[in-house]
Visitor: 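Structure provided below as structure tokens; questions to follow.
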Amino acid sequence: MISRSFLSSIAFRLPFAIAFICFLVFSLSAIAIYGLQRARDEMAAYGLQAFTSLAKASLVSRQVSDLVSSAPFLMNSTSPYRVASESRAVVLQVDSLLKTAEPHGADQAGRGFASTRMVELLDLIRTQTLVLARDADAAQNHKAEAAAALGEVATGKGIVDRDLRSQVNGIVQAASTSDSLFQLGELRRRYVADTTAAQGRTEPTELQPYERVFEAQTRYLLNMFAIRAAVAKLHAVSRDLSHATETQSDAVARQLNDDLLSTSDALSRLLVTVALAFLLVLVMAIFSIRSVMRVSRGIVALSNGMNALAKGEREVGPPAYGGDETELVRLLDAFRAFKDSVDRVSRLRRTAEAAARTIRSTFRNMNEGIALFDKMGRPITMNRRIIELFGHSGSARKLPLRRFVEPVPEIDPALLPSDPDRGALLERAVVRHRTGDQRVIEISVSRQPEGGIVLLARDVTLMDRQEAEAAKVQRLDGIMRMTHQVSHEVGNMIGIITGSLGLLERETGFNDRQKRNIARIRKAAERGRSLAGSMLSIGSQQPFYPSPVDVASLLRGMADILEIAVGAKCHIKLELDADLPVVSLDAALLEQSVLNLCLNASAAMPLGGIIVIGATATTEILLISVTDSGIGMSPEVIDKAFEPYFTTRGFHGGAGLGLAMVYGFVRQSGGEASIYSSPGHGTTVRLSFPTDLRS
């Protein structure tokens with residue numbers, strides 16, 4: 001009785017697997033030999049089918065010959081009706097030929113007959129013949145129009161003067177039968193000369209039938225000329241088609257014969273190859289079974305030694321194996337190495353413990369906060385950073401999850417587990433929390449596969465500020481583009497108004513009241529033009545005339561004017577670097593921007609103070625700043641300060657265009673404008689320009 005362990009052993013399974021593979025190889029080889037023999041028989045049938053296809057090709061060739069012989073008849077045709085009917089017959093013949101040349105079903109040999117060149121020529125004949133039929137129909141219609149006009153000339157009263165009518169009727173009759181444009185032109189010239197001489201005795205309506213005869217005959221002759229040209233082209237294409245058909249028939253016959261011979265030789269060689277492969281597989285199978293049986297005994301001995309070593313038996317030597325198989329020799333070397341590795345396990349354990357301590361230290365001191373809770377919301381571990389970010393003390397390590405996240409109202413406690421509630425959290429949730437000191441904390445809550453909760457927190461205050469600045473810049477750019485569009489449209493409308501006023505002012509006869517009304521309209525239009533100009537400057541589209549500017553000299557030259565502009569209570573202080581670069585800017589717009597900033601600074605200091613104008617430079621940026629110690633701005637006001645028409649002064653200040661103009665100028669110069677302020681601590685406006693604008 002065969003034991004179950006023997007059936008599960010390698011000594012049984014490997015020889016059985018090899019024998020089964022050999023059986024499969026033998027079966028597949030027999031099937032391949034049978035299939036190849038059958039394929040050889042089918043090749044004979046294929047040859048018969050190929051010659052049948054040659055017969056079909058011959059039929060196509062005859063049809064092409066018929067087409068070629070039927071096309072030239074049009075060279076001598078003069079009747080448009082006959083040309084049209086015969087052309088349609090040619091189109092039907094071409095369609096029949098294309099259908100015959102198309103392969104059907106298993107008739108693959110015919111596929112080689114319908115070459116691309118033949119199909120192109122047939123399509124060209126079909127297209128040209130359709131054009132020919134269309135021209136013939138048009139010529140027939142023109143001929144009918146000429147006949148109708150002649151009938152109207154013959155039956156109608158026509159020209160009153162009998163001699164002139166007889167003379168013109170003769171010319172028209174000759175024109176209706178002319179067959180050349182030159183002759184028709186001569187007749188037309190005679191007709192024009194006669195009718196011109198009798199212009200006082202004829203009415204234009206009397207000459208209309210004669211004009212239609214000449215017009216219809218001209219179009220008829222043009223169509224007949226196009227018909228003759230198309231027929232000549234058809235004749236040339238027909239000759240090319242005949243030659244292509246003969247060439248393709250010869251090529252198909254040669255190719256079919258070569259394919260049959262090549263396929264027969266390949267099948268014979270394949271039969272010999274399969275037979276040799278079958279013998280080789282049989283020999284290799286016998287050799288493999290013997291080798292596997294020997295190797296399997298060595299593997300059994302080796303596995304027994306490994307099991308003994310795993311149980312802790314130290315006096316275990318390598319099993320004896322007398323073979324030279326590479327795999328078994330390497331397994332014996334591995335056995336010896338495994339025995340040596342047992343002695344290193346303890347050392348590796350100590351190293352792993354040291355690595356674990358390092359990981360724990362990194363976990364505790366990492367810059368991002370992390371906390372792990374089990375599926376019931378009980379704390380497992382957390383580092384100091386997450387305790388700091390949540391504003392807890394050291395005793396928070398023992399708090400359950402819902403109590404731990406209480407300082408963050410953005411997190412819904414119902415999502416989190418708490419004994420016995422597992423919470424409704426299914427997917428990762430990310431929230432941002434702003435602390436009392438304006439720090440922004442990004443918190444991520446996610447559930448582990450086993451139901452636990454991972455809490456991650458990081459300080460994204462700088463990132464949040466950058467995102468807010470980017471959003472503000474995008475919003476301001478959109479407002480500037482809209483302002484530019486509106487100013488452009490308003491300017492166009494005001495231009496129309498002022499132009500119309502100019503025309504009115506040139507007129508005379510207005511009384512004093514009307515003149516005063518026109519003057520009011522002129523004044524309102526000028527105010528509108530000024531407003532449109534200011535809106536254009538806000539939209540960063542004002543005329544821009546850059547030139548090399550020494551910023552230090554410009555600011556020093558403005559100091560006296562700025563002192564007068566800011567008033568007696570405020571004073572200007574310049575803090576300029578000694579080596580400021582010369583950059584390419586619009587000096588007038590730069591002066592206007594600095595003046596606007598100083599006026600805003602003085603308005604923010606009703607009790608007076610010092611306005612500091614600073615200028616520094618690096619290798620990449622020129623920075624100009626205006627600083628005051630006034631009332632400052634809230635974050636909401638800073639966010640909207642550069643928007644057009646935004647002001648905090650109500651009806652006692654400007655229109656809110658100063659900072660918007662400054663922003664438009666800086667953006668048009670390729671720079672950036674920013675505001676730094678807080679309520680009660682003054683304001684600093686910084687204008688940065690790239691130094692690659694250097695002259």
Side-chain angles (χ1 to χ4, degrees), residues 351-479 481 634-640 643 672 674:
T351 303
E353 291 175 353
R357 288 193 297 270
T358 303
I359 293 173
R360 286 194 296 270
S361 176
T362 303
F363 173 78
R364 292 169 181 170
N365 298 300
M366 63 189 302
N367 191 40
E368 294 185 352
I370 182 171
L372 302 178
F373 296 84
D374 62 12
K375 61 182 180 181
M376 305 309 296
R378 294 185 293 266
I380 299 175
T381 183
M382 64 184 67
N383 59 3
R384 288 192 298 269
R385 181 60 174 166
I386 197 168
I387 296 175
E388 295 172 358
L389 293 176
F390 273 78
H392 289 300
S393 60
S395 60
R397 295 180 181 275
K398 299 180 181 180
L399 292 177
L401 180 55
R402 291 191 179 182
R403 289 189 58 191
F404 188 83
V405 300
E406 283 180 355
V408 182
E410 289 83 359
I411 300 177
D412 186 4
L415 297 175
L416 306 177
S418 178
D419 191 15
D421 183 13
R422 294 188 70 253
L425 181 65
L426 297 177
E427 298 179 352
R428 180 171 175 264
V430 180
V431 299
R432 285 193 176 185
H433 171 65
R434 188 177 298 274
T435 62
D437 55 356
Q438 297 301 315
R439 286 194 307 165
V440 180
I441 310 300
E442 184 180 81
I443 303 167
S444 170
V445 185
S446 58
R447 189 182 293 275
Q448 292 179 311
E450 66 275 9
I453 297 296
V454 178
L455 199 63
L456 299 175
R458 59 172 180 162
D459 190 340
V460 294
T461 304
L462 179 60
M463 184 186 303
D464 185 76
R465 291 175 182 172
Q466 293 173 348
E467 291 175 355
E469 287 294 327
K472 183 174 71 174
V473 169
Q474 185 176 7
R475 186 181 72 251
L476 287 174
D477 287 345
I479 294 174
R481 286 193 296 271
S634 65
E636 293 76 12
V637 174
I638 293 175
D639 189 59
K640 297 182 179 180
E643 294 183 4
E672 296 289 341
S674 56

Visitor: Between CG of D459 and OG1 of T435, what distance do you get to the nearest 0.5 Å?
Guide: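 Taking CG in D459 and OG1 in T435, the distance rounds to 8.0 Å.
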
Visitor: Indicate yes or no for a side-chain donor-acceptor contact from N383 to the backbone of E368 under 3.5 Å, with no hydrogens or angles considered.
Guide: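 Yes, the answer is positive, given that a donor and an acceptor are paired below the 3.5 Å cut-off.
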
Visitor: Quick one: ring-ring contact (aromatic ring centres under 6.0 Å, His included) partners of H433, sequence neighbours excluded?
Guide: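 Applying ring-ring contact (aromatic ring centres under 6.0 Å, His included) to H433 gives none.
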
Visitor: Can you name the residues that form a side chain to side chain donor-acceptor pair (under 3.5 Å) with R378, not counting sequence neighbours?
Guide: D374

Visitor: Quick one: pull up CD in E410 and CD1 in I441 and give me the separation to the nearest 0.5 Å.
Guide: 11.0 Å

Visitor: Closest heavy-atom contact between P379 and P400?
Guide: CD-CA, 4.3 Å

Visitor: Does the R402 side chain pair with the main chain of L416, one donor and one acceptor, at a distance under 3.5 Å?
Guide: yes

Visitor: What's the spacing between T381 OG1 and R397 CZ if we round to 0.5 Å?
Guide: 7.0 Å

Visitor: Look only at the side chain of R447 and the backbone of L425, and say whether a donor-acceptor pair between them is shorter than 3.5 Å.
Guide: yes

Visitor: Minimum heavy-atom separation for P407 to P409, with atom names?
Guide: O-CD, 3.3 Å

Visitor: Please lay out, stage by stage, how R403 and H392 fare under the test side-chain contact (heavy atoms from CB on, under 4.5 Å).
Guide: CA-CA 11 Å; R403 289 189 58 191; H392 289 300; over 6 Å; no

Visitor: Quick one: are M463 and V440 in side-chain contact, heavy atoms under 4.5 Å?
Guide: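 No - every pair of side-chain heavy atoms lies 4.5 Å or more apart.
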
Visitor: Rounded at 0.5 Å granularity, tell me how far CD1 in I453 sits from CZ in R422.
Guide: 8.5 Å

Visitor: Walk me through whether L455 and F404 qualify under side-chain contact (heavy atoms from CB on, under 4.5 Å).
Guide: CA-CA 10 Å; L455 199 63; F404 188 83; 3.8 Å; yes

Visitor: What's the verdict on side-chain contact (heavy atoms from CB on, under 4.5 Å) for L456 and R428, showing C-alpha distance, side-chain angles and the deciding distance?
Guide: CA-CA 11 Å; L456 299 175; R428 180 171 175 264; 5.8 Å; no

Visitor: Taking CZ in R434 as the centre, count heavy atoms belonging to other residues, nucleotides or ligands within less than 6.0 Å. Is the count above 12?
Guide: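 Buried by this count: over 12 neighbours within 6.0 Å.
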
Visitor: Return yes when atom CD of E427 has more than 12 non-hydrogen atoms of other residues, nucleotides or ligands closer than 6.0 Å, and no otherwise.
Guide: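 No.
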
Visitor: Checking L415 against V445 for the side-chain contact (heavy atoms from CB on, under 4.5 Å) test, could you report, in this order, the C-alpha distance in whole Å, the side-chain angles of both residues, the deciding distance, and whether it holds?
Guide: CA-CA 10 Å; L415 297 175; V445 185; over 6 Å; no

Visitor: Atom CG of L399 and atom CE of M382: how far apart are they, to the nearest 0.5 Å?
Guide: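 The distance works out to 7.5 Å.
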
Visitor: To check you understand the geometry: which heavy-atom pair defines the closest contact between I380 and F373, and what is its length?
Guide: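 It is CD1-C, 3.7 Å.
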
